[in-house]
*Asks:* 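Below is a structure I'd like to ask you about.
Numbers restart at 1 for each chain; the letters A, B, ... are given by sequence-line order, proteins then strands.
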There are 2 protein chains.
Amino acid sequence: MNAPVFKNRDCGSCPIRHQAICSRCEPDELAYLDSIKYYRSYEAGQPVVWAGDPMDFVATVVVGVASLTQTMEDGRTQMIGLLLPSDFLGRPGRETVRYDVNAVTDLTLCCFRRKPFEELLRTTPHIGQRLLEKTLDELDAAREWMLVLGRKRAREKIASLLAIIARRESSLQQLSSPDGFEFLLPLTREAMADYLGLTLETVSRQMSALRRDGIIRLEGNRRVRVPDYARLTAETGDDSDGGVAA
Amino acid sequence: MNAPVFKNRDCGSCPIRHQAICSRCEPDELAYLDSIKYYRSYEAGQPVVWAGDPMDFVATVVVGVASLTQTMEDGRTQMIGLLLPSDFLGRPGRETVRYDVNAVTDLTLCCFRRKPFEELLRTTPHIGQRLLEKTLDELDAAREWMLVLGRKRAREKIASLLAIIARRESSLQQLSSPDGFEFLLPLTREAMADYLGLTLETVSRQMSALRRDGIIRLEGNRRVRVPDYARLTAETGDDSDGGVAA
DNA sequence: TTCCGCGATTGACATGGATCAAGGCGTCGA
DNA sequence: TCGACGCCTTGATCCATGTCAATCGCGGAA
């Protein structure tokens, strides 16, 4: 689990740079970022940090998927965020994390020690602005998810999750292709359940139902083929088309 | 529905200034803010903006409560945020809003036209930093709410809502008083249901149950007396004490 | 004072998803 | 090749909450 591709100290080589917090940096700013950054890798299933632990770095996801999870005293658990490549992890100005962070798949993070990063935030408006934008995007996503968790039925929840992952993994062109498209689901049934506020049995049943109804086809447990993206979004219950036209 | 107290052009008179985005501004920055700000007032129940509408201002809540609400195509509705005094409304850099904004109680906003505010954001790091902090706080709150919506039972949801409002409305000292404390619930049973992902009947039943069990006392429909804050937080299912000690 | 209407309460019943339980399928190591 | 384990599927049953409906009670208008 190394990340040999990114071992050189050059943000320009980073495949997710154009979407990450450094996307609008000047060369000298990039050089400073390079000087304080380092990579960390985790295997699927490994913890990154536990709720309440000190976290002395912030990071951008480079490869893989990380989850943010909260747990109740009796063990009930809710995934409250899914971080995909280019997403930002950590909170400047706070010493400890409030929720568990786990590697869902094999994961590579581009890390910055928190103190120098906070200093950079103070001196470099670009970064702060970009971070604000990404935080506002995350807030929008969290609010969209509140509708999913609070009001959608199991089938709609599953469809919403599949549509969201499909949108992040596929191009607009692929989504609207008449032949459909396919993608790899990075989550187990249990992780899907944790994200959707369901049990894994319900997730399994609804996946089977969507398969029976021709909304999706499954090749193995993880590979999902969507013959018609519009039919999938129609199952989400949302009143817009879920962002393809918008 | 005017806001005579705030009619003078002086942010220093604003009772929520110390928590709002302008809390760290220099005198000259405050003067600029003063020059572009204006107040708007709404009566309880009035819409502020509808989802999809253009919104040419951003604002801070000065008095009252505003709600952010999303609606599905069949009319199911989910409140995705509750804005109390000092909370920020609007998104710099975006022309339209994604969800309905309503005045839950009589409401006064301190508004800034969006373009000048964005300009200010570019030139005044304080404001951007403060806005980032407030956005990160909102994101934390949204994520906490995802746990409420996804995993808590009806009784725990109600207790969580009461505890959150109690914390925002009362001082630490009041919360830990041996005589208990009381507060005014700014929401109807239906609004509570919309926020909690429940029906109003379930809200009503669980409020009655909490009353029967002595967790709360009700004087009328809105006035809530909490004889023992610890007993209330014990009903939320959270593993921490909900923030009093923390 | 009476009536009216809205919000809240309460009851009876329906149901979606949880829970408990059994078994299938594919992969990996011996 | 086989067994074991992890992950998933499916079935039977239960229960928390939704749904539908009746009634209450307060505050405002006539």
*Asks:* In whole Å, I'd like the distance from the CG atom of Leu185(A) to the C1' atom of dC8(D).
*Replies:*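 Roughly 13 Å, once rounded to whole Å.
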
*Asks:* Rounded to whole Å, how long is the line connecting atom NZ of Lys152(B) with atom P of dA18(C)?
*Replies:*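 Computing the Lys152(B):NZ to dA18(C):P distance gives 18 Å.
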
*Asks:* Whole-Å distance between dA18(C) C1' and Gln78(A) CD?
*Replies:* 15 Å

*Asks:* Which part of the nucleic acid, if any, lies within reach of Gly197(A) when heavy atoms closer than 4.0 Å are counted: base, sugar-phosphate only, or nothing?
*Replies:* sugar-phosphate

*Asks:* Nearest to the side chain of Arg153(A), which nucleotide is it out of dG16(C), dA18(C), dA16(D)?
*Replies:* dG16(C)

*Asks:* Around atom CD of Glu219(A), are there more than 12 heavy atoms of other residues, nucleotides or ligands at under 6.0 Å?
*Replies:* yes

*Asks:* For nucleotides 7-12 of chain C, give me one character per nucleotide, 5' to 3': B if any protein heavy atom sits under 4.0 Å from the base, S if the only such contacts are to the sugar-phosphate, - if neither.
*Replies:* -SBBBB

*Asks:* Would you say Thr199(A) reaches dA18(C)'s phosphate, i.e. side-chain N/O to OP1/OP2 under 4.0 Å?
*Replies:* yes

*Asks:* For the side chain to side chain contact (heavy atoms under 4.5 Å, CB included) test, which of Val97(A), Asp100(A), Leu89(A) pairs with Leu68(A)?
*Replies:* Leu89(A)

*Asks:* Rounding to an integer number of Å, can you tell me how far Gln206(A) CD sits from dC8(D) C1'?
*Replies:*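 Rounded to the whole Å, the gap is 15 Å.
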
*Asks:* Output the rounded distance in Å from CZ (Arg76(B)) to C1' (dT19(D)).
*Replies:* 14 Å

*Asks:* Taking CZ from Arg223(B) and C1' from dC26(D), how many angstroms apart are they, rounded to a whole number?
*Replies:* 17 Å

*Asks:* Hey, could you give me the CZ/CZ distance between Arg91(B) and Arg98(B), rounded to the nearest 0.5 Å?
*Replies:* 7.0 Å

*Asks:* Find the distance Glu219(B):CD to dC26(D):P and express it as a whole number of Å.
*Replies:* 14 Å

*Asks:* Tell me, please, whether Phe183(A) has Arg167(A) positioned over its six-membered ring: NZ or CZ under 6.0 Å from the ring centre and within 45 degrees of its axis?
*Replies:* no

*Asks:* Could you state the interatomic distance from CG (Asp179(A)) to CG (Asp228(A)), rounded to the nearest 0.5 Å?
*Replies:*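 Output value for this atom pair is 11.0 Å.
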
*Asks:* Could you pull out all donor-acceptor pairs under 3.5 Å where a side-chain atom in residues 197-204 of chain A meets a protein atom, sequence neighbours excluded?
*Replies:*
residue, atom, partner, partner atom, Å
Thr199(A), OG1, Thr202(A), N, 3.3
Thr199(A), OG1, Thr202(A), OG1, 3.1

*Asks:* Rounded to the nearest angstrom, tell me the gap between atom CD1 in Ile158(B) and atom C1' in dA16(D).
*Replies:* 14 Å

*Asks:* Taking atom CZ of Arg155(B) and atom CZ of Arg205(B), what is their separation to the nearest 0.5 Å?
*Replies:*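 Spacing of CZ (Arg155(B)) from CZ (Arg205(B)) equals 15.0 Å.
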
